[in-house]
Amino acid sequence: MPKVLITGASGLLGRAILRHFNQAGWATLGLAFSRAKEPLKKVDLTNKEEVRAVFENFKPDVVVHSAAERRPNKVEEDLEQSHRLNVDSSAHIAALAKESKAGLIFISTDYAFDGSNPPYAEDAPPNPINTYGKTKVAAEKVIIETYPEGSSILRVPVLYGDEEYLGESAVSVLAKLLLSPQPGSVSSYELRFPSHTSDVATVCLQLASRCVQDGGDTIRGIYHWCGDEGLTKWDMVQLMGTEFGKSTAHLTPCATPSPDVPRPRDTQLQRSRLEALGIGQHTPFQQGVRSTLAPFLLPAN
């Protein structure tokens with residue numbers, strides 16, 4: 001039975017990854033910190049001794065490193081801690097994976113690009129325009145330099161999925177606007193290609209399975225995955241309103257860039273390398289939103 005170590009296993013994506021590997025019969029160990037609870041193991045990824053002990057005791061065949069400070073505003077507020085988590089801990093995990101001869105899948109972001117020349121191929125040069133994107137690109141670089149023969153970078157877009165609370169993702173935050181009677185504006189500027197966490201978890205499982213089957217000989221380098229539908233936040237909130245019978249009359253579109261942390265306009269990702277391997281899964285956005293938000297937006301029976 002192959003073994004997988006999953007960081008960030010209490011997070012939106014990490015929970016989906018853990019669930020998919022469990023269902024596939026892998027031996028799993030999920031790591032978490034601020035939301036750690038059984039069966040997850042509480043580990044501070046910035047503590048090198050704690051992380052090394054996990055590797056030595058569990059001896060994973062594959063590591064899926066999804067933990068990160070992913071909120072752009074939060075990264076700007078605490079640059080030092082964000083760099084420790086997003087970059088320094090990633091470098092250490094790559095070194096430990098290399099020592100252990102474990103395949104490494106690192107979850108990165110479409111914010112690696114500036115959004116000026118989509119769609120982006122896997123070999124397109126990164127040019128992040130905010131600090132969050134810069135930390136993820138720095139982590140990609142150090143991982144590839146440290147462990148080129150056994151590491152994979154999986155860049156993904158904005159995610160949504162089975163959420164513990166309304167607003168856990170940047171997508172479900174929009175549903176809070178539907179429920180609020182207060183007037184508000186919603187961006188119609190940035191184009192996104194949202195992916196359901198189940199789809200990305202499936203991609204991770206497929207990559208890991210190939211990695212174990214071929215000893216990591218073919219699964220390496222940079223991969224992209226994103227949804228099929230290009231949507232602004234305004235488009236998303238309109239679809240939510242239609243799906244759940246909620247009025248959007250109190251909301252207005254905003255066609256100008258974000259006034260705080262800069263965000264790229266269009267970071268559509270090409271999926272050529274994964275599709276060539278026969279890897280991938282796509283949940284249509286309306287279908288995914290229906291299942292994700294129904295517990296919050298539909299009345300209980």
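Index from 1, following the sequence.
Here the shortest heavy-atom pairing between N22 and T28 reads OD1-OG1, 2.7 Å. Of all heavy-atom pairs between E56 and K59, the closest is O-NZ, 2.6 Å. Across A175 and L297, no two heavy atoms sit closer than the pair CB-CD1, 4.2 Å. When all heavy atoms are compared, the tightest approach of L178 to S247 is CD2-O, 3.9 Å.
The main-chain N or O of V75 is never found under 3.5 Å from a side-chain atom of T131 such that the two would form a donor-acceptor pair. When atom types are taken as modelled, the side chain of S100 and the backbone of A102 share no donor-acceptor pair closer than 3.5 angstrom. Judged by distance alone, the side chain of T248 and the main-chain N or O of L251 form no donor-acceptor pair under 3.5 Å. Under a 3.5 Å cut-off, the side chain of H250 and the backbone N or O of L177 do form a donor-acceptor pair. Remark: side-chain polar atoms of S180 are not paired, donor with acceptor, to backbone N or O of K176 under 3.5 angstrom. At distances below 3.5 Å, not a single donor-acceptor pair connects side-chain atoms of S187 with backbone N or O atoms of K233. Here the side chain of N86 pairs a donor or acceptor atom with the backbone of E69 at under 3.5 angstrom. Between the side chain of Y147 and the main chain of I144, no donor-acceptor pair closer than 3.5 Å is present. Not a single donor-acceptor pair under 3.5 Å links the side chain of S188 to the backbone N or O of P253.
Clustering of Ile, Leu, Val, Met, Phe, Trp and Tyr by side-chain heavy atoms under 4.5 Å joins Y189 with none of the others. Grouped with F193 in one hydrophobic cluster are L191, the linkage being side-chain heavy-atom contacts under 4.5 Å among Ile, Leu, Val, Met, Phe, Trp and Tyr residues.
Remark: E76 does not engage K74 in a salt bridge, criterion side-chain N to carboxylate O under 4.0 Å. Remark: K136 does not engage E140 in a salt bridge, criterion side-chain N to carboxylate O under 4.0 Å.
In this structure the side chain of V289 never reaches within 4.5 angstrom of the side chain of L239, judged on heavy atoms. Side-chain contact between H196 and D199 is present, with at least one heavy-atom pair separated by less than 4.5 Å. Put simply, the side chain of V63 does not reach to within 4.5 Å of the side chain of F106, judged on heavy atoms. In this structure, R265 and P257 have side chains that are not in contact, with every pair of non-hydrogen atoms separated by 4.5 Å or more. Two residues are said to be in side-chain contact when any heavy atoms from C-beta on lie closer than 4.5 Å; R84 and S89 fail this criterion. Contact of the R155 side chain with the P126 side chain is registered, since non-hydrogen atoms from C-beta on lie closer than 4.5 Å. For the pair Y223/I153, no side-chain contact is recorded, criterion being any heavy-atom separation below 4.5 Å from C-beta on.
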Are S151 and R220 close enough, and set up right, to give a side chain to side chain contact (heavy atoms under 4.5 Å, CB included), and what steps lead you there?
CA-CA 5 Å; S151 59; R220 65 182 70 167; over 6 Å; no

Does E149 form a side chain to side chain contact (heavy atoms under 4.5 Å, CB included) with K98? I'd like the steps, not just the answer.
CA-CA 9 Å; E149 69 275 22; K98 182 174 183 175; 3.4 Å; yes

Test E190 against D266 for side chain to side chain contact (heavy atoms under 4.5 Å, CB included), laying out the working first.
CA-CA 6 Å; E190 296 97 353; D266 181 354; over 6 Å; no

Working for side chain to side chain donor-acceptor pair (under 3.5 Å), residues T232 and D235
CA-CA 5 Å; T232 66; D235 296 329; 3.2 Å; yes

Step by step, work out the side chain to side chain contact (heavy atoms under 4.5 Å, CB included) result for L104 and V62.
CA-CA 6 Å; L104 172 61; V62 175; over 6 Å; no

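V137 and V261 are not part of a single hydrophobic cluster, where members link through side-chain heavy atoms under 4.5 Å apart. Cluster annotation: I222 and L274 are assigned to distinct hydrophobic clusters (Ile/Leu/Val/Met/Phe/Trp/Tyr, side-chain heavy-atom contacts under 4.5 Å, transitive). Clustering ILVMFWY residues whenever any of their side-chain heavy atoms sit less than 4.5 angstrom apart, transitively, puts V203 in the very cluster that holds L18. Put simply, V64 and L159 are part of the same group of oily side chains (I, L, V, M, F, W, Y) that touch within less than 4.5 Å, one to the next. At a threshold of 4.5 Å between side-chain heavy atoms, the hydrophobic network of Ile, Leu, Val, Met, Phe, Trp and Tyr places Y111 and L154 in two separate groups.
Considering CD of Q238 and CG of L174, their distance stands at 11.0 Å, rounded to 0.5 Å. Here OG of S169 is found 11.5 Å from CG of L13. Values are rounded to the nearest 0.5 Å. Separating the CG atom in D78 from the CG atom in N73 is a distance of 13.0 Å, to the nearest 0.5 Å. With rounding to the nearest 0.5 angstrom, the CH2 atom of W225 is 7.5 Å from the OG atom of S195. Atom CD1 of I17 and atom CD1 of I6 lie 6.5 Å apart (nearest 0.5 Å). For the atom pair I219 CD1 and I105 CD1, the distance stands at 8.5 Å (nearest 0.5 Å).
With sequence neighbours excluded, the residues satisfying side-chain hydrogen bond (donor to acceptor under 3.5 Å, both in side chains) with E229 are H282. Applying the ring-ring contact (aromatic ring centres under 6.0 Å, His included) rule to W26 yields the partners F21; only residues at least two apart in sequence or on another chain are considered. Judged as a side-chain contact (heavy atoms from CB on, under 4.5 Å), and not counting sequence neighbours, the contacts of V142 are A91, T146. Under the rule for a side-chain contact (heavy atoms from CB on, under 4.5 Å), the partners of D44 that lie at least two apart in sequence or sit in another chain are F33, T46, N47, E50. E99 is linked by a side-chain contact (heavy atoms from CB on, under 4.5 Å) to R52, L96, counting only residues two or more places apart in sequence or in another chain. The side-chain contact (heavy atoms from CB on, under 4.5 Å) check on A32 picks up S10, A36, L40, with sequence neighbours excluded.
Just one of P264, P157, C226 meets the side chain to side chain contact (heavy atoms under 4.5 Å, CB included) condition when paired with R192; it is P264.
Residue pairs meeting the salt bridge (charged side-chain N to carboxylate O under 4.0 Å, His left out) criterion with at least one member in residues 108-123: none, sequence neighbours excluded. Every pair passing salt bridge (charged side-chain N to carboxylate O under 4.0 Å, His left out) that includes a residue from residues 238-262 is listed here, sequence neighbours excluded: E243-R290, D260-R263. Counting only residues at least two apart or on different chains, the salt bridge (charged side-chain N to carboxylate O under 4.0 Å, His left out) pairs with a member in residues 1-21 are R15-E164, R15-E168, R19-D162. Applying the salt bridge (charged side-chain N to carboxylate O under 4.0 Å, His left out) rule to pairs touching residues 274-288 yields R271-E275, sequence neighbours excluded.
Using modelled atom types and a 3.5 Å distance limit, the side chains of T135 and H83 yield no donor-acceptor pair.
Using cut-offs of 30° and 60° on the angle between ring planes, the pair H224 and F113 is perpendicular.
Taking the six-membered ring for Trp and the full ring otherwise, Y160 and F285 have centroids separated by under 6.0 Å.
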